[in-house]
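Here the structure comes first, spelled out in structure tokens, and everything after it is commentary.
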Amino acid sequence: MLMLLNNIAIPLTEIEIQAVRSQGAGGQNVNKVSTAIHLRFDINASSLPEPYKERLLNLKDSRISSDGIVIIKAQRSRSQIKNKEDALNRLQAMINSVIVEMKPRRPTQPTKASRIRRLEGKTIQGRKKSLRGKVEEA
């Protein structure tokens with residue numbers, strides 16, 4: 001089970017994990033051992049609640065295909081077990097990001113005191129800079 005926020009869990013049977021050969025450095029080991037992990041998660045066929053599915057599908061993320069399948073490739077480590085944990089953690093983080101609802105931002109104005117403090121700071125900085133100029137001889 002992949003535990004998420006709000007006591008929601010995804011059974012591992014809904015997550016397809018496949019080991020593939022990794023790219024990049026690793027010497028001869030790269031050509032022999034399948035250490036990279038391809039994780040596939042079908043959002044539409046999952047047991048997630050409908051509002052979370054909709055938010056996931058509306059995410060502008062390159063890892064989500066147009067069919068609603070999350071594809072994560074993990075190959076940071078040389079260990080298959082660590083890459084599997086990394087892929088699951090990244091999926092968990094992606095889903096948790098849509099579970100937590102962000103409060104809508106209300107635009108505010110700076111207070112009068114903060115505007116005055118800002119202008120005073122600029123005046124002090126300007127005086128300091130003007131003293132750094134060339135000294136004229138009288």
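Predicted model only: the values in this text are computed from it and were never measured.
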**Message:** If I take atom CZ from residue Arg78 and atom CG from residue Asn83, how far apart are they, to the nearest 0.5 angstrom?
**Reply:** 11.5 Å

**Item:** Between OG1 on residue Thr123 and CZ on residue Arg118, distance to nearest 0.5 Å
**Value:** 10.0 Å

**Asked** Any donor-acceptor pair under 3.5 Å linking the side chain of Arg115 with the backbone of Pro110?
**Response** yes

**Message:** Please report the interatomic distance CD(Glu85) to CD1(Ile37), rounded to the nearest 0.5 Å.
**Reply:** 10.5 Å

**Message:** Once rounded to the nearest 0.5 Å, what's the spacing between atom NZ of Lys84 and atom OG1 of Thr35?
**Reply:** 14.5 Å

**Asked** Step by step, would you call Glu50 with Lys53 a salt bridge (charged side-chain N to carboxylate O under 4.0 Å, His left out)?
**Response** CA-CA 5 Å; Glu50 284 302 318; Lys53 285 183 186 181; 3.4 Å; yes

**Prompt:** Quick one: CG on Leu57 to CD1 on Ile43, what's the gap to the nearest 0.5 Å?
**Reply:** 4.5 Å

**Fill in**
Nearest heavy-atom approach of Tyr52 to Val98 is O-CG2, 4.1 Å

Pairs of donor and acceptor atoms involving the side chains of residues 60-74, under 3.5 Å and at least two apart or interchain, shall be tabulated with distances.
residue : atom : partner : partner atom : Å
Asp61   : OD1  : Arg63   : N            : 3.0
Asp61   : OD1  : Arg63   : NE           : 3.2
Asp61   : OD2  : Arg63   : NE           : 3.4
Asp61   : OD2  : Arg63   : NH2          : 2.9
Ser65   : OG   : Asp67   : N            : 3.4
Ser65   : OG   : Ile69   : N            : 3.2
Ser65   : OG   : Ile69   : O            : 3.3

**Shared hydrophobic cluster for Ile81 and Leu39 (ILVMFWY, side-chain gaps under 4.5 Å)** = no

**Request:** Report yes if some heavy atom in the side chain of Phe41 is under 4.5 Å from a heavy atom in the side chain of Glu14; otherwise report no.
**Result:** yes

**Asked** Quick one: OG on Ser97 to CG on Leu59, what's the gap to the nearest 0.5 Å?
**Response** 5.5 Å

**Item:** Donor-acceptor contact present, side-chain Gln80 to main-chain Ala36, <3.5 Å
**Value:** no

**Prompt:** Out of curiosity, does Met102 fall in the hydrophobic cluster containing Ile95 (side-chain heavy atoms, cut-off under 4.5 Å, transitive links)?
**Reply:** no

Distance-only check: which donor-acceptor pairs under 3.5 Å involve side-chain atoms of residues 131-138, not counting sequence neighbours?
none

**Request:** For residues Gln75 and Val20, determine if any side-chain heavy atom of one lies less than 4.5 Å from a side-chain heavy atom of the other.
**Result:** no

**Item:** Closest heavy-atom pair and its distance - Pro107, Arg105
**Value:** CA-NH1, 3.3 Å

**Prompt:** Should the heavy atoms of other residues, nucleotides or ligands under 6.0 Å from CG of Leu119 be counted, would the total exceed 12?
**Reply:** yes

**Pairing residues for Arg55 by the salt bridge (Lys or Arg N to Asp or Glu O under 4.0 Å) criterion, not counting sequence neighbours** = Glu101

**Asked** Salt bridge or not for Arg90 and Asp86, using N-O below 4.0 Å?
**Response** yes

